[in-house]
Trainee: 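I have a structure I would like to understand better, so I am pasting it below and will then ask my questions one at a time.
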2 protein chains.
Amino acid sequence: MTDDDRVFKALADPSRRFLLDLLFARDGRTLTELESELEMTRFGVAKHLRVLEEAGLVVVRRSGREKLHFLNPIPIRQIHDRWIDKFTEQHVTALIDLKQSLEEQ
Amino acid sequence: MTDDDRVFKALADPSRRFLLDLLFARDGRTLTELESELEMTRFGVAKHLRVLEEAGLVVVRRSGREKLHFLNPIPIRQIHDRWIDKFTEQHVTALIDLKQSLEEQ
DNA sequence: AAGTTAGGTGACCATTTGGTCACCTGTCAA
DNA sequence: TTGACAGGTGACCAAATGGTCACCTAACTT
């Protein structure tokens with residue numbers, strides 16, 4: 001399995017994306033803390049975190065018996081750069097900003 | 001299935017990512033033209049293109065009996081914006097540019 | 001009109017994936 | 001040192017996924 005395959009497979013599951021959302025909101029959480037936010041057993045969450053870690057989307061730091069989880073944005077940026085060149089980026093961000101401001105009315 | 005679920009599921013397959021790569025290099029191709037680039041039957045490719053289309057990653061235009069496929073970068077940008085805020089973006093792009101220039105030596 | 005070309009449909013099968021469970025290791029606190 | 005707490009492992013099962021095939025419709029060509 002290639003690196004980018006691991007990243008995209010990891011992102012394919014809604015529970016794993018939710019875990020990334022949680023870490024985006026606040027970094028450095030333990031498995032047990034994250035587990036309380038999902039309707040799933042600890043084993044399920046641990047499995048998902050492992051997939052995210054092997055994909056490099058989450059990096060961990062051990063502290064005693066705890067394992068702290070952090071979001072790594074670099075693979076996300078690389079997805080972006082794969083299909084959006086510098087030129088297109090300007091158009092796309094402008095379009096999205098426009099869409100946003102229209103929806104806010 | 002939610003919109004973003006469709007996008008991430010669509011991106012989870014290497015053949016579909018390769019199709020996006022092909023369309024990123026050159027837009028407006030037909031099924032038959034794309035098929036010739038993959039080691040897979042037409043049916044397989046058609047199925048993949050349909051998944052990409054339903055995810056909004058590819059948009060199509062009919063022209064007679066041909067169906068032309070175009071890459072839509074907007075969902076990709078939205079993935080980026082979900083986990084990378086404006087502040088982090090600067091750091092991340094700087095890091096990636098640095099990594100690039102180091103690898104070129 | 002007849003043959004060819006572009007693409008679509010539904011069934012089918014092998015493999016992968018998400019989630020749970022019984023059980024285990026290591027670490028902190030009284 | 002004895003619990004309690006944080007996390008890991010391997011087996012297992014139901015469901016989803018990737019790919020192929022037989023067969024079909026619609027459009028261009030001569």
Side-chain angles (χ1 to χ4, degrees), chain A residues 1-23 26-71 75, chain B residues 1-23 26-71 75:
Chain A
M1 180 144 31
T2 61
D3 272 14
D4 74 300
D5 214 35
R6 263 184 284 272
V7 171
F8 287 105
K9 286 255 167 62
L11 291 174
D13 182 86
S15 301
R16 287 195 287 268
R17 292 196 299 274
F18 183 58
L19 284 168
L20 292 183
D21 289 339
L22 291 173
L23 293 178
R26 182 164 50 82
D27 255 337
R29 306 206 213 189
T30 65
L31 165 59
T32 314
E33 187 177 353
L34 292 166
E35 173 204 338
S36 68
E37 305 265 4
L38 302 218
E39 303 206 332
M40 193 186 301
T41 61
R42 175 173 60 86
F43 310 97
V45 178
K47 224 174 185 177
H48 284 309
L49 284 173
R50 190 173 146 79
V51 173
L52 289 168
E53 192 184 335
E54 286 178 345
L57 284 161
V58 162
V59 292
V60 298
R61 183 162 58 80
R62 282 218 154 271
S63 163
R65 61 179 166 178
E66 291 187 332
K67 194 175 176 183
L68 307 179
H69 299 78
F70 299 85
L71 175 63
Chain B
M1 178 144 31
T2 62
D3 272 14
D4 73 300
D5 213 35
R6 263 185 284 271
V7 171
F8 287 105
K9 286 254 165 65
L11 291 174
D13 182 85
S15 302
R16 288 196 286 267
R17 292 197 298 275
F18 183 58
L19 285 168
L20 293 182
D21 289 339
L22 290 174
L23 293 178
R26 182 164 51 80
D27 255 336
R29 307 206 212 188
T30 66
L31 165 60
T32 315
E33 186 178 353
L34 291 166
E35 173 204 338
S36 68
E37 305 265 3
L38 302 218
E39 304 206 332
M40 192 186 301
T41 61
R42 175 174 59 86
F43 310 97
V45 178
K47 224 173 186 177
H48 285 308
L49 284 173
R50 190 169 146 75
V51 173
L52 289 169
E53 192 184 333
E54 286 178 345
L57 285 161
V58 162
V59 290
V60 298
R61 182 162 59 80
R62 283 217 153 272
S63 163
R65 63 179 164 179
E66 290 187 330
K67 194 174 175 183
L68 307 179
H69 299 78
F70 300 84
L71 175 64

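These numbers come from the heavy atoms of this one structure, side chains and all, not from hydrogens, waters or symmetry mates. Residue numbers start from 1 in every chain, and the chains themselves are labelled A, B, ... in the order their sequence lines are given, proteins ahead of strands.
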Trainee: Going by the rule side-chain hydrogen bond (donor to acceptor under 3.5 Å, both in side chains), which residues pair with Arg17(B) if we only count those two or more places apart in sequence or in a different chain?
Mentor: Asp4(A), Asp5(A)
Trainee: Taking salt bridge (charged side-chain N to carboxylate O under 4.0 Å, His left out) as the definition, give me every residue that meets it alongside Arg62(A), ordered by chain and number, with sequence neighbours left out.
Mentor: none
Trainee: Counting only non-hydrogen atoms, which of residues 5-13 of chain B are less than 4.0 Å from DNA chain C?
Mentor: none
Trainee: By side-chain hydrogen bond (donor to acceptor under 3.5 Å, both in side chains), which residues pair with Glu35(A), not counting sequence neighbours?
Mentor: none
Trainee: Could you pull out the closest heavy-atom pair between Ser15(B) and Met40(B), with the gap in Å?
Mentor: OG-CE, 3.4 Å
Trainee: Looking at CZ of Arg26(B) and CG of Leu71(B), how far apart are the two atoms once the value is rounded to the nearest 0.5 Å?
Mentor: 13.5 Å
Trainee: Going by side-chain hydrogen bond (donor to acceptor under 3.5 Å, both in side chains), name the residues that satisfy it together with Arg61(A), two or more places apart in sequence or in a different chain.
Mentor: none
Trainee: Chain B on DNA chain C: first and last contacting nucleotide, 5' to 3', under 4.0 Å to a heavy atom?
Mentor: dT5(C) to dA11(C)
Trainee: Specify the closest pair of heavy atoms between Leu38(A) and Leu22(A), including all atoms of both residues, with the distance to one decimal.
Mentor: CD2-CD1, 4.2 Å
Trainee: Could you state the atom-to-atom distance from CZ of Arg62(A) to P of dG7(D) in whole Å?
Mentor: 8 Å
Trainee: For DNA chain D, which residues of residues 50-58 of chain B approach it to below 4.0 angstrom with any heavy atom?
Mentor: none
Trainee: Looking at His69(B) and Leu31(B), what are the two nearest heavy atoms and their distance?
Mentor: CE1-N, 3.8 Å
Trainee: Can you list, pair by pair, the side-chain donor-acceptor contacts under 3.5 Å of residues 44-53 of chain B, counting residues two or more places apart and other chains?
Mentor:
residue: His48(B); atom: ND1; partner: Arg16(B); partner atom: NH1; Å: 3.1
residue: Arg50(B); atom: NH2; partner: Glu54(B); partner atom: OE2; Å: 3.3
residue: Glu53(B); atom: OE1; partner: Lys67(B); partner atom: NZ; Å: 3.3

Trainee: Any protein N or O atoms within reach of nucleotides 26-30 of chain D? Criterion: under 3.5 Å, listing atom names and distances.
Mentor:
residue: dA27(D); atom: N3; partner: Arg65(B); partner atom: NH1; Å: 3.3

Trainee: So do Leu68(A) and Asp27(A) actually touch side chain to side chain, heavy atoms under 4.5 Å?
Mentor: no
Trainee: Below 4.0 angstrom, which residues in residues 30-42 of chain A have at least one non-hydrogen atom near DNA chain D?
Mentor: Thr30(A), Leu31(A), Thr32(A), Arg42(A)
Trainee: Quick one: CG on Leu19(A) to CD on Glu37(A), what's the gap to the nearest 0.5 Å?
Mentor: 9.5 Å
Trainee: Minimum heavy-atom separation for Leu57(A) to Ala10(A), with atom names?
Mentor: CD1-CB, 3.9 Å
Trainee: For the pair Thr30(A) (side chain) and Glu33(A) (backbone), establish whether a donor and an acceptor sit closer than 3.5 Å, ignoring hydrogens and angles.
Mentor: yes
Trainee: Check Pro75(B) against Gly56(B) and note the closest heavy-atom contact, atom names and distance.
Mentor: CG-O, 3.6 Å
Trainee: Classify the side chain of Lys47(B) and the base of dG19(D) as holding, or not holding, a donor-acceptor pair under 3.5 Å.
Mentor: yes
Trainee: Over the length of the helix from dA1(C)-dT30(D) to dA30(C)-dT1(D), how much do the five-pair end axes diverge, rounded to 10 degrees?
Mentor: 30°
Trainee: Going by side-chain hydrogen bond (donor to acceptor under 3.5 Å, both in side chains), name the residues that satisfy it together with Asp3(B), two or more places apart in sequence or in a different chain.
Mentor: Arg6(B)
Trainee: In whole angstroms, how far is the C1' atom of dC13(D) from the CZ atom of Phe43(A)?
Mentor: 16 Å
